[in-house]
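Encoded as structure tokens, the structure appears first; notes follow it.
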Amino acid sequence: MKIFKNIFFIIIIFLFGIMDVFAGPTPPNPFGKKKPPPPPGLPIDENICILMIIALLFGIYIIYNNMLKTKTTI
């Protein structure tokens, strides 16, 4: 039981260390008070329909393979 308490405290200390990195101060803005230039005008979701179709087919494939591996009882 004492081992689990030690492991629990080690995990908590480790997580606090990770949160300390994320909660650090932000670096100063290299542009000063000016706004940064806008990002290039490339669309992010250019082929989103194709990706959704591929994801749907891959999901069907995974479900079908899982159904073949499981044995049904009578």
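Quick note: residue numbers are just sequence positions, from 1.
For Tyr64, there are no side-chain hydrogen bond (donor to acceptor under 3.5 Å, both in side chains) partners, not counting sequence neighbours. Taking Asn66 as the reference, nothing meets the side-chain hydrogen bond (donor to acceptor under 3.5 Å, both in side chains) condition, with sequence neighbours excluded.
The only member of Ile63, Ile62, Leu56 that meets side-chain contact (heavy atoms from CB on, under 4.5 Å) when paired with Ile60 is Leu56.
Here Leu51 contributes atom CG and Ile53 contributes atom CD1; the two are 9.5 Å apart, rounded to the nearest 0.5 Å.
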